[in-house]
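Here is the structure we will look at.
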Amino acid sequence: MPKETITPRGKDYSQWYLDVIAQAELADYAPVRGCMVIRPTGYAIWERIQAGLDQRIKATGHSNAYFPLFIPWSFLMKEAEHVEGFEPEVAVVTRGGGEELAEPLVARPTSEAIIGHSFAKWIHSWRDLPLLINQWANVVRWEMRPRLFLRTTEFLWQEGHTAHATEADAEEETLRILNEVYFDFAEKEMALPVLKGRKTENEKFAGALRTYCIEAMMQDGRALQAGTSHNLGQNFARAFDIKYQNADNAEDYVWTTSWGVSTRLIGALIMAHSDDEGLVCPPRLAPIQVVVVPIYKGDAERPAVLEAIDRIVSAWDGRFRVKIDDRDQMTPGFKFNEWESKGVPVRVEVGPRDIEKGTVALARRDVPGKEGKQFVPQEGLADRIADLLHDIQQSLYQKALRFREDHTRDVTSYDELKEAIETGWARAYWAGTSEDEDRIQQETRATIRAIPFDQPDAAGKCILTGKETTQVVVFGKAY
RNA sequence: CGGGGUGUAGCGCAGCCCGGUAGCGCACUCGCUUUGGGAGCGAGUGGUCGCCGGUUCGAAUCCGGCCACCCCGACCA
């Protein structure tokens, strides 16, 4: 009889989300409002995310560096739109060394300002371009309404910052990151289907020319912005005086980009794949891919079972990330449930009967309970596990993709849109203004999540204004 | 910042209306028995009742003030 420790999704989605985090020991609340402690299990997932992204970021030619947490207040003020966007949410340090500071320092909400300052010093010639930098850092944004992983006052992320000689180069960079880093990572490693597109003026980054994004659908039909990539034009180059001499010996401003994904991805992971039993982690991302649970009665059987496990696991030759749960005080049933709630993709059970018959019990997390469990021969087990992990990865992706498709509707009227966004996304022709967009948000609480790259060939009528247009956008309620 | 809710053991709660010095479940510790889907029994440990003040012989309980956190909205990765 399972204990009711996780509120079912159908009953209270928000509570379910918090329960999964508590049960899987991903994070805790900190003593400061809006801040969280990322616990070892949650941090291990973040390290896997970091590894997958870092490798892709480096493969596309970027180098890691680190810039300071504190930014002079005046730096933030240099780019008008940027300061307007971030001013309300910056934390400011006014005292240090026991004295009032001459100039207040802000804890970075993002690092365009401080990095722009360095770029101006480093870049002199067209030969210095492109400059491709990434940093792994924490940032601080004073949030009105925090939510674990999705919106916390302090969060961890990577932020890429690059400078280019031409607008075309900057645009190419912005899109390369979206495609080769973010899209690829989300779909391949996280098994998370994401919609690629451009943000509207209303939704773009404060100070950017254009913002591109990947948007994911959560199991309640709401949208989560999973990553953004900005073409900053020459806005920051002008604000921070980042100039270079081109091949014709003339002085020109560089074109910059910035792009980031954060610990919010852990929230996406939870809400995309998990179920009422707890976390479901895709195998490629899972810190532990296979957990082995020994089954035995008393001290007499224990050594033989542990020996057998040792032999079986060493035959896998390090192919998987494995945890042997040899804790003697817990019953097997308890362990099954614990690892299930922590999202470990595959469980292997080895008991006296298995030793006798040369079998093991093999259970898959995406089919919880006894239904996902079968007894299989020890022979060829490693290949079987490899296949199973691969199959789970694919099936999680397919399931999430099917969910998104089932919850995305093409709509041709405002009424249809209102109905569609109650359960998911609405795809519609759109020729409205920023004000029209605001109005829709006020009336429906939905926003334009993206102008998808995938656009129709034929024209249609704007859902609000009735004007003929070829542009299709996707509406949804966002996290 | 608006609306709602909650603060009593590590967690979840009861006790408060009707004041008399704190209890239950889980967890934790020890022992024995257990172990293929959240083990059983027994014995224990653990609390300035969010904070400050007031009323009273006496406050978790009544009164006043404050604080914190969670949930739902406006702003955001």
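Convention: sequence-line order gives letters A, B, ...; per-chain numbering from 1.
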**Asked** Once you round it to whole Å, what is the distance between P of rG36(B) and CE of Met330(A)?
**Response** 14 Å
**Item:** side-chain N/O Thr331(A) vs rA39(B) OP1/OP2, d < 4.0 Å
**Value:** yes
**rC24(B) to rG64(B) separation - C1' atoms, rounded to the nearest Å** = 32 Å
**Request:** Please confirm whether the backbone N or O of Val292(A) pairs with a side-chain atom of Asp325(A), one donor and one acceptor, at under 3.5 Å?
**Result:** no
**Request:** Please state how far atom CZ in Phe336(A) lies from atom C1' in rA39(B), giving the value in whole angstrom units.
**Result:** 14 Å
**Asked** Distance between the C1' atoms of rG73(B) and rC26(B), in whole angstroms?
**Response** 35 Å
Find every protein N or O atom lying less than 3.5 Å from an N or O atom of nucleotides 68-75 of chain B, and list the pairs.
{"residue": "rC69(B)", "atom": "OP1", "partner": "Arg33(A)", "partner atom": "N", "Å": "3.2"}
{"residue": "rC72(B)", "atom": "OP1", "partner": "Ser14(A)", "partner atom": "OG", "Å": "2.7"}
{"residue": "rC72(B)", "atom": "OP2", "partner": "Arg145(A)", "partner atom": "NH2", "Å": "2.7"}
{"residue": "rG73(B)", "atom": "OP1", "partner": "Arg445(A)", "partner atom": "NH2", "Å": "2.8"}
{"residue": "rG73(B)", "atom": "OP2", "partner": "Arg145(A)", "partner atom": "NH1", "Å": "3.1"}

**Asked** Restricting to pairs with a member in residues 348-360 of chain A, which pass salt bridge (charged side-chain N to carboxylate O under 4.0 Å, His left out), not counting sequence neighbours?
**Response** Arg347(A)-Glu349(A), Glu349(A)-Lys373(A)
**Item:** N-O pairing of Glu189(A) and Arg56(A) below 4.0 Å
**Value:** yes
**Asked** Rounding to a whole Å, what distance do you find between Ile309(A):CD1 and rG36(B):P?
**Response** 14 Å
**Prompt:** Taking atom C1' in both rC17(B) and rC71(B), what distance in whole Å separates the two?
**Reply:** 27 Å
**Request:** State whether Lys204(A) and Glu81(A) are salt-bridged, where the test is any N-O pair (Lys NZ or Arg NE/NH1/NH2 against Asp/Glu carboxylate O) under 4.0 Å.
**Result:** yes
**Message:** Let's test this: given Watson-Crick or G-U wobble pairing with both distances under 3.5 Å, identify the partner of rC30(B).
**Reply:** rG42(B)
**Request:** Whole angstrom is fine here: how far is it from CD1 in Ile6(A) over to P in rG38(B)?
**Result:** 16 Å
**Asked** Using a heavy-atom distance cut-off of less than 4.0 Å, which residues of residues 348-379 of chain A contact RNA chain B?
**Response** Glu349(A), Gly351(A), Pro352(A), Arg353(A), Asp354(A), Ala361(A), Gly369(A), Lys370(A), Lys373(A), Phe375(A)
**Prompt:** Any side-chain donor-acceptor pair under 3.5 Å between Tyr479(A) and Asp220(A)?
**Reply:** yes
**Message:** Under 4.0 Å, heavy atom to any atom of RNA chain B: which of residues 292-307 of chain A qualify?
**Reply:** Ile295(A), Tyr296(A), Lys297(A), Gly298(A)
**Message:** Say we look at rG7(B) and rC16(B): how far apart would their P atoms be, to the nearest angstrom?
**Reply:** 14 Å
**Asked** Any idea how His407(A) and Phe403(A) line up, ring-wise: parallel (<30°), tilted (30 to 60°), or perpendicular (>60°)?
**Response** parallel
**Asked** Thinking salt bridges, do Arg365(A) and Glu340(A) make one under a 4.0 Å N-O criterion?
**Response** no
**Request:** Both distances under 3.5 Å, Watson-Crick or G-U wobble: report the partner of rC24(B), or none.
**Result:** rG12(B)
**Asked** Rounding to the closest angstrom, what is the interatomic distance between rU56(B) and rA74(B) at atom C1'?
**Response** 47 Å
**NZ/NE/NH1/NH2 to OD/OE distance under 4.0 Å, Arg302(A) and Glu307(A)** = no
**Message:** Go nucleotide by nucleotide along RNA chain B from the 5' end; which of Thr152(A) and Gly333(A) gets its closest nucleotide reached first?
**Reply:** Gly333(A)
**Asked** Expressed as a whole number of Å, how far does the P atom of rC30(B) sit from that of rU45(B)?
**Response** 15 Å
**Prompt:** Can you tell me how far C1' in rC76(B) sits from the matching atom in rA60(B), rounded to whole Å?
**Reply:** 41 Å
**Request:** Please determine if Lys196(A) forms a cation-pi arrangement with Phe453(A), meaning its NZ or CZ atom is less than 6.0 Å from the six-membered ring centre and no more than 45° off the ring axis.
**Result:** no
**Message:** My understanding is that a pair needs two contacts under 3.5 Å, Watson-Crick or G-U wobble. By that rule, which nucleotide pairs with rC1(B)?
**Reply:** rG73(B)
**Request:** Taking only Lys NZ, Arg NE, NH1 and NH2, and the carboxylate oxygens of Asp or Glu, determine whether Arg210(A) and Glu171(A) approach each other closer than 4.0 Å.
**Result:** yes
**Message:** Between the side chains of Glu154(A) and Arg141(A), is the shortest nitrogen-to-carboxylate-oxygen separation below 4.0 Å, so that they form an ion pair?
**Reply:** no
**Request:** Answer yes if the side chains of Asp366(A) and Ser395(A) hold a donor-acceptor pair under 3.5 Å, and no otherwise.
**Result:** yes
**Request:** Decide whether Ser258(A) and His161(A) meet the rule of one side-chain donor and one side-chain acceptor closer than 3.5 Å.
**Result:** no
**Sugar-phosphate, base or nothing in reach of Arg347(A), heavy atoms under 4.0 Å** = base
**Message:** Can you measure Glu215(A) atom CD to rC76(B) atom P for me and round it to whole angstrom units?
**Reply:** 14 Å
**Message:** Strictly distance-based, threshold 3.5 Å: is any side-chain N or O of Glu173(A) a donor or acceptor partner for the main-chain N or O of His164(A)?
**Reply:** no
**Asked** Does the rG38(B) base have a donor-acceptor partner in the side chain of Glu338(A) within less than 3.5 Å?
**Response** no
**Prompt:** Please give, in whole Å, the distance from rC26(B) C1' to Phe334(A) CZ?
**Reply:** 11 Å
**Message:** Can you check the distance between rG37(B) and rA22(B), where both ends of the measurement are the C1' atom (answer in whole Å)?
**Reply:** 38 Å
**Asked** Looking at RNA chain B, which of residues 37-58 of chain A put a heavy atom within less than 4.0 Å of it?
**Response** none
**Item:** Check ion pair Glu172(A)-Arg176(A) (N to O, under 4.0 angstrom)
**Value:** yes
**Asked** Under a 3.5 Å cut-off for both distances, is rG47(B) Watson-Crick or wobble paired, and to whom?
**Response** none
**Pairs flagged by ring-ring contact (aromatic ring centres under 6.0 Å, His included) wherever residues 257-279 of chain A is involved - sequence neighbours left out** = His62(A)-Trp259(A)
**Complete:** Checking N1-N3 plus N6-O4 or O6-N4 for Watson-Crick, or N1-O2 and O6-N3 for wobble, each under 3.5 Å, the partner of rU35(B) is none
**Request:** Rounded off to whole Å, could you give me the CG-to-C1' distance for the Leu224(A) and rC76(B) pair?
**Result:** 12 Å
**Request:** Please report, rounded to the nearest Å, how far the C1' atom of rA27(B) is from the CG atom of Asn337(A).
**Result:** 17 Å
**Request:** Report the base-pairing partner of rC62(B) (Watson-Crick or G-U wobble, both distances below 3.5 angstrom), or none.
**Result:** rG54(B)
